[in-house]
Amino acid sequence: MKIVVLVKQVPDTAEERKLDLATGQLGRESADNVIDEINERALESALRIKDANKGTEVVAMTMGPDEASQALRKALSMGADSAVHILDDSLEGADTGRTAATLAAALRSTGFDVVLAGNESTDGRAGVVPAMVAEHLQLPLLGSLISAEIADGAVSGVRQGDGGTLNVHAGLPAILTVTERFPEARFPNFKGILTAKRKPVATLSVSALEVPASASRTVVVSTVERPPRAAGRKLIDDGTAANELAEFLVVNRLV
Amino acid sequence: MSNVLALIEISHRGEIAASSRGLLVAAATLGSPIAVVVSSEPLADDDVARLGELGAARIYSAVTPAAGTVLVAPAVDALSRAVEAYEPAAVLTTNTADGREAAARLAVRTGGSVLADVVQVRTDNGTVVAQHSVFGGAYTVESAVDGGLPILTIRQGAIEGQAPATTADVSTAVMEATTAGAAVIDRFNDDPVVSARPELRSAATVVSGGRGLGSPENFVLVEQLADALGAAIGASRAAVDAGYIAQTAQVGQTGVSVSPQLYVALGISGAIQHRAGMQTAKTIVAINKDEDAPIFDVADFGIVGDIFTVVPKLVEAIKARSN
């Protein structure tokens, strides 16, 4: 079985992230750029299948600037067999529609039985790219899963809905997205880090993929930074702090 | 006035989702709201009346045996038919898993673009403009679609108010069940607990607990304060990972984003990922024994103290004042 895991390099959520106020685009310099944690969980579930079935092939695919190759290198050191980097200056600032059309074209050329992705990235949080890819490829999407069973010819899983969960299934090929309820990812071991350097990374350009141009795109109209919050009163509890807080809530009509 | 489609989510038990109110407020702001509803049986009179009360000028009722058995695809089919029939200026869905996937597929099918996780809408000389709250409210970004149909996913609980009530006209379309290229739903597993507390996303007051609670049993402290304040219950990711409470209560970068009048953080250190889900609250109160906890940097009122002594006293004091 061939599993392609979609990975995205994002600014580390543990640091302050910035937008460029002129363009509304991500300020890539503001925080360290790392592989998104949700993608690591997707990769982990692919690697567990590979652990159990040696014939499984795991490919990590990303679209992003030069620096995004570091995210692929991390995926390779965790255990992916090879990687695909869609690298093209014309993709700078690509919206979800352009991103999905490009990924769909790359997936078509790479080939797969299963595509695994995160349910949403921590930077854009739109959560629409996997479903757009599924529509381009006319494939079923099992999205927002909290668990999954991937077997030859079929996938099933439990999807997190609004007031509960749903059991869902589909035939292969199919696209799955995982949520944080999936197990945490393994750390790359020494052997993994060493062998990652020898694993193949294919670079694809947009012209090679023949991605059709779209007549529709999203544009940023304005970007405004919210002033940071200031700290207010801070009391060390001496036994009266609870009463003072109750008074504060009453005065501010919050009870 | 331009037509605006709103995909109404109906649970498998037949209940109209609470998010429909905000969705139809947004639709009415942009034009004449048409509620698109997918169901296996024709809509009951009660549902038609209810959607009219919520502001739907028209209901496009798609009836198909695939509703409730095929995942998302029936909604996409219904929306694309309605797009053809009504040539809308915009399509709105809720920013749920179902709503996002329907919006995404519709964008590819119709050649439109998605504006995701929208917290407010307006029109500017006929252009639909969407507002987003980015990086936990650190930025407010406005976006629009250049060429093609704007498809907006509206954040639950973000848009308040009530659209003007109407009596909705109903158009019914019978759709065949297509399963090609779609996942099949085998079973629904409802959450067992139906809480009398307010819904987290739209609550005016939220009380959240963190790792400082120490155990699932101790989480009752959060419940007691929440009930004294009439609040919804939230949690930090640390508390969810530790198994104190269900994941659906998670507030933060990867959970629910809330903007209540009052947010009370109990035993929450306030890592940047948690603050990303609550820092737009009007008033923030924090109680934590660690004087250096970053939550105090954003708190309007902070108490450095033991939650197990401060919170019971606070509950008593609130009850005494409200009597």
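Within every chain, numbering begins at 1; the chains are lettered A, B, ... in the order of the sequence lines, protein sequences first and strands thereafter. Every value quoted in this text rests on a predicted model; they were computed, and no experiment measured them. The figures that follow rest on heavy atoms only: side chains count, while hydrogens, waters and symmetry mates do not.
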Is it true that [X] and [Y] make a salt bridge, defined as a side-chain N closer than 4.0 Å to a carboxylate O?
{"X": "B:Arg237", "Y": "A:Glu37", "value": "yes"}
{"X": "B:Asp241", "Y": "A:Arg181", "value": "yes"}
{"X": "A:Arg125", "Y": "B:Asp117", "value": "no"}
{"X": "A:Glu16", "Y": "B:Arg275", "value": "no"}
{"X": "A:Arg229", "Y": "B:Asp300", "value": "yes"}

Closest-packed option against chain B by number of heavy-atom pairs under 4.5 Å, given [options]:
{"options": "A:Gly127, A:Pro11, A:Gly143, A:Ala170", "answer": "A:Gly127"}
{"options": "A:Lys18, A:Arg98, A:Glu15", "answer": "A:Lys18"}
{"options": "A:Thr179, A:Leu139, A:Asp95, A:Val255", "answer": "A:Leu139"}
{"options": "A:Gly232, A:Pro140, A:Gly171", "answer": "A:Pro140"}
{"options": "A:Gly97, A:Gly161, A:Gly24, A:Ala14", "answer": "A:Ala14"}
{"options": "A:Glu135, A:Glu244, A:Gln160", "answer": "A:Glu135"}

Q.
Let me confirm one number: the CD-CD1 distance from B:Gln247 to A:Ile146, rounded to the nearest 0.5 Å.
A. 8.5 Å
Please classify the contact between [X] and chain B as side chain, backbone, both or neither, with a heavy-atom cut-off of under 4.5 Å.
{"X": "A:Leu176", "value": "neither"}
{"X": "A:Ala134", "value": "both"}
{"X": "A:Leu21", "value": "side chain"}
{"X": "A:Ala241", "value": "both"}
{"X": "A:Asp238", "value": "neither"}
{"X": "A:Val250", "value": "side chain"}
{"X": "A:Thr13", "value": "both"}

Heavy-atom pairs under 4.5 Å with chain A - which of [options] has more of them than the others?
{"options": "B:Gly137, B:Gly181, B:Gly305", "value": "B:Gly181"}
{"options": "B:Glu291, B:Glu9, B:Glu142, B:Gln279", "value": "B:Glu142"}
{"options": "B:Val315, B:Asn189, B:Leu314", "value": "B:Asn189"}
{"options": "B:Ile318, B:Leu262, B:Leu229, B:Thr254", "value": "B:Thr254"}
{"options": "B:Val141, B:Val240, B:Leu149, B:Asp186", "value": "B:Asp186"}
{"options": "B:Arg187, B:Lys289, B:Arg105", "value": "B:Arg105"}

Q: Using the side chain to side chain contact (heavy atoms under 4.5 Å, CB included) rule, take A:Leu249 and B:Phe301 through it: C-alpha gap first, then chi angles, then the decisive distance, then the call.
A: CA-CA 10 Å; A:Leu249 296 176; B:Phe301 196 110; over 6 Å; no
[X]-[Y] side chain donor-acceptor pair, cut-off 3.5 Å:
{"X": "A:Glu180", "Y": "B:Gln250", "value": "yes"}
{"X": "A:Thr122", "Y": "B:Gln253", "value": "no"}
{"X": "A:Asp162", "Y": "B:Thr96", "value": "no"}

Under 3.5 Å donor-acceptor, [X] side chain and [Y] backbone:
{"X": "A:Ser216", "Y": "B:Gly147", "value": "yes"}
{"X": "B:Tyr139", "Y": "A:Leu19", "value": "yes"}
{"X": "A:Lys234", "Y": "B:Ala299", "value": "no"}

Part of [X] lying under 4.5 Å from any heavy atom of chain A:
{"X": "B:Thr248", "result": "side chain"}
{"X": "B:Arg321", "result": "side chain"}
{"X": "B:Ser11", "result": "neither"}
{"X": "B:Thr94", "result": "neither"}
{"X": "B:Ala138", "result": "backbone"}
{"X": "B:Val311", "result": "neither"}
{"X": "B:Ser257", "result": "side chain"}
{"X": "B:Lys282", "result": "backbone"}
{"X": "B:Val145", "result": "both"}
{"X": "B:Gln156", "result": "side chain"}
{"X": "B:Ile284", "result": "both"}
{"X": "B:Leu71", "result": "side chain"}

Q: Quick one: closest heavy-atom pair of A:Ala242 and B:Lys313, and the distance?
A: CB-CB, 3.5 Å
**Q.** CZ (A:Arg253) with more than 12 external heavy atoms under 6.0 Å
**A.** no
State, yes or no, whether a side-chain contact exists between [X] and [Y] at a heavy-atom distance under 4.5 Å.
{"X": "B:Ile303", "Y": "A:Leu245", "value": "yes"}
{"X": "A:Asn167", "Y": "B:Phe188", "value": "no"}
{"X": "B:Ile185", "Y": "A:His169", "value": "no"}
{"X": "B:Ile272", "Y": "A:Arg17", "value": "no"}

Q) Hey, mind stepping through B:Asp98 and A:Arg159 against salt bridge (Lys or Arg N to Asp or Glu O under 4.0 Å) and telling me if it holds? A) CA-CA 10 Å; B:Asp98 284 4; A:Arg159 169 181 172 89; 2.5 Å; yes
**Q.** Worked check of side chain to side chain contact (heavy atoms under 4.5 Å, CB included) between A:Glu120 and B:Arg100
**A.** CA-CA 10 Å; A:Glu120 62 177 40; B:Arg100 297 200 295 197; 2.8 Å; yes
Q: Could you give me the CA-CA distance, side-chain angles and deciding distance for B:Ser143 and A:Thr218, then say whether side chain to side chain donor-acceptor pair (under 3.5 Å) is met?
A: CA-CA 7 Å; B:Ser143 68; A:Thr218 60; over 6 Å; no
(Q) Let's go through A:Leu254 and B:Thr205 carefully: what are the C-alpha distance in whole Å and the side-chain angles of both, what is the deciding distance for side chain to side chain contact (heavy atoms under 4.5 Å, CB included) to 0.1 Å, and is it a yes or a no? (A) CA-CA 8 Å; A:Leu254 293 166; B:Thr205 306; over 6 Å; no
Q: Please lay out, stage by stage, how B:Val72 and A:Leu141 fare under the test side chain to side chain contact (heavy atoms under 4.5 Å, CB included).
A: CA-CA 9 Å; B:Val72 180; A:Leu141 169 69; over 6 Å; no
